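A note on names: the letters A, B, ... follow the listed sequences, proteins ahead of strands, and every chain is numbered from 1. Nothing here was measured: the structure is a model prediction, and the numbers come from that model.
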2 protein chains.
Amino acid sequence: MKTNVIYRRAHNQSLDLLARQPVGEALPSEPALAALLGVSRTTVRAVLTALEALGIMATDGRQRRLLRLPCRDDYLDAAGLEPLPEMLERKFMAWMVGPDCRPGAVINGLDLARQFGVSSSAIRECLNKFSHFGLLERQSNGRWRALGLTIDFVEELFDMREVMEFRAVDRFVALPSDHPAWEALAGIRAQHLALLDNFERRYRDFSELDHRFHRIVNGVAPNRFLGNIHGVMSVIFHYHYQWNKKDEKERNHVAALEHLAYIDGLESRDLGKARAASRLHLETARSTLLASIELAV
Amino acid sequence: MKTNVIYRRAHNQSLDLLARQPVGEALPSEPALAALLGVSRTTVRAVLTALEALGIMATDGRQRRLLRLPCRDDYLDAAGLEPLPEMLERKFMAWMVGPDCRPGAVINGLDLARQFGVSSSAIRECLNKFSHFGLLERQSNGRWRALGLTIDFVEELFDMREVMEFRAVDRFVALPSDHPAWEALAGIRAQHLALLDNFERRYRDFSELDHRFHRIVNGVAPNRFLGNIHGVMSVIFHYHYQWNKKDEKERNHVAALEHLAYIDGLESRDLGKARAASRLHLETARSTLLASIELAV
DNA sequence: TTCCTGTTCTTTTTGGATAAAAGACATCTT
DNA sequence: AAGATGTCTTTTATCCAAAAAGAACAGGAA
């Protein structure tokens, strides 16, 4: 049956909210809480019932009153607060880049289901998803074959990334001066400088910044198909580098400087300059990823 | 439970094979038949058992002998010989471009399941697939929203197609003269000429030829992500024009001539010329599709 | 009126059951 | 030895049921 992650998250989030309220205060209405927590009223009602049972809150006619501040014991187990598909994606990706999966091998869905402790339906859905990422392939007999994070894969992925990024650069430099993207670009430049200023302590935050930067650039040339590619890339990067922390600091430092040059290129409105800076950055990223894969092989 | 489409197809295919054999002849071995039909030996054995029960064939020690030629009644019902996912894809796409689905509306999976006479799991899989085509979107609350074959969609799709095709053209003109692609190109040119020669009767075959032509061109710059786009496009074209046969002949005639010019461009090895011909063809296709959508709206 | 609550009905998610198909292995024939 | 067959095991496709979450509606309070 369905997991109740949504309920459990709503429960804990509610406690967080209540912790900031004075005891005796009247609580917001059900619809208000639903909007606040981003869930349906049905879920809110379930949470409220539980809170009442815990003695945190009492229904007084049509009003709810806070009886006491929530304590640590009121919280529901924080483990498994991740939606099943996400959890599975994580586990699967870890398996995929791990030593148990070699490119070209047939994937045994049933076995994976047992290994990950989920049903085979869930595995099936997951495999379907990843096949769109190009990491898997369906054979004629209904089986799945792992393609894996191979050199070829990375080459093709980065070819696409270049197409996507150059297309965006072309459009970016041609934007009118009052376009909001310029402001966003200035903002992200400031964030880069701030990060570099305190690099020793904050270099791990770069991956998040990287994501935002490329989203700003590519946001000016939206295309749902390329958008998918960006998603694939995020997933690949995320999982691959999670297992490959080597040189992370150095890698991020180089990339941050390249981003600044890239931003300069865009702000110069000179297409040639912008393209050159973009190309340089992508080339570095490509060879870095390739090197780290070859290392792993 | 699993459908037995595979079994039923194997059964009918076997009858086709046997119809071409003289009575009394010894039949191929189980593994040989399995390879011939492209199924497992398990399925072959099931078919053979059925054939024996029908009196078409008799097991004589280790050999099987054909007793009589198969007749029409021996064949299994030809209806429903399509794998479920394909059947569903067809129905769904027809629904999607039909009047019951308006862009932006929420899709009711359960209702679709009832309408199409399949389980909601099957619908789920189908929706998942089409969401990767960009025709659907998943909302935060787990529902599906139809995006539909809108102007935006077509624009973005063709933008991608241009990227893909230009990239291929660039590589194509740079191929060495002894590359097999040149021969394939000459072959497809001949097929175009043959089709035009007998256009009145054969113009419906163009769509197949079109597919092959673009596959040859794009085959020189393989990329699994772009390959996906090509797949999307095939599906869109296939279904859209299936419902929109208007001007088909004229449309195909223009496209065939443009293909010839495109082939000339490639064979001239002149990048500028090739690109121009390619661009012209893609522009025509784009505006034709857009016009036919606007007509439908 | 406008918004809240109680109630009921739908829809989605997920695991499990079961038939179909594939694959593995030992044995047997030629 | 090579290949075919009989038997058994594993894996996949598909539907179904039950829990969870969402949505709709009516009646009532502010």
Taking the side chain as every heavy atom from C-beta outward, state whether H11(A) and L51(A) have any pair of such atoms under 4.5 Å apart.
-> yes
Test applied, ring-ring contact (aromatic ring centres under 6.0 Å, His included); reference residue, F225(A); option that passes from F158(B), F225(B), F153(B) | F153(B)
Listed nucleotide nearest any side-chain atom of P85(A), set dT7(D), dT11(D), dT14(C) | dT14(C)
Do T42(A) and Y7(A) touch side chain to side chain, with heavy atoms closer than 4.5 Å?
-> no
Just to confirm, is there a sub-4.0 Å distance from OP1 or OP2 of dG15(C) to any side-chain nitrogen or oxygen of S119(A)?
-> yes
Does dT13(C) have OP1 or OP2 sitting under 4.0 Å from an N or O in the side chain of S121(A)?
-> no
Would you indicate what I6(A) reaches in the nucleic acid, counting non-hydrogen atoms under 4.0 angstrom: base, sugar-phosphate, or nothing?
-> sugar-phosphate
Would you classify R8(A) as touching base, sugar-phosphate or nothing, given that sugar-phosphate means primed atoms plus P, OP1 and OP2, and contacts are heavy atoms under 4.0 Å?
-> nothing
Would you kindly check whether a donor in the side chain of R41(B) faces an acceptor in the base of dG6(D), or vice versa, at under 3.5 angstrom?
-> yes
Aromatic plane relationship, F92(A) with F130(A) - under 30° parallel, 30 to 60° tilted, over 60° perpendicular | tilted
Under 4.0 Å between a Lys/Arg side-chain N and an Asp/Glu carboxylate O for E208(B) and R212(B)?
-> yes
Tell me whether the OP1 or OP2 atom of dT5(D) has a side-chain N or O from R45(B) closer than 4.0 Å.
-> no
With heavy atoms under 4.0 Å as the rule, sort S29(A) into base, sugar-phosphate or nothing.
-> sugar-phosphate
Would one find a side-chain N or O of S40(A) under 4.0 angstrom from OP1 or OP2 of dG22(D)?
-> yes
Can you find a donor-acceptor pair, distance only, under 3.5 Å between R143(A) side chain and dG23(C) base?
-> no
Please give, in whole Å, the distance from dT10(D) P to W144(A) CH2?
-> 23 Å
Would you tell me if any nitrogen or oxygen in the side chain of T3(B) comes within less than 4.0 Å of OP1 or OP2 on dT14(D)?
-> yes
Ignoring backbone atoms, test whether N141(B) places a side-chain nitrogen or oxygen under 4.0 Å from the OP1 or OP2 oxygen of dG22(D).
-> no
Does OP1 or OP2 of dT5(C) have a side-chain N or O of R64(A) closer than 4.0 Å?
-> yes
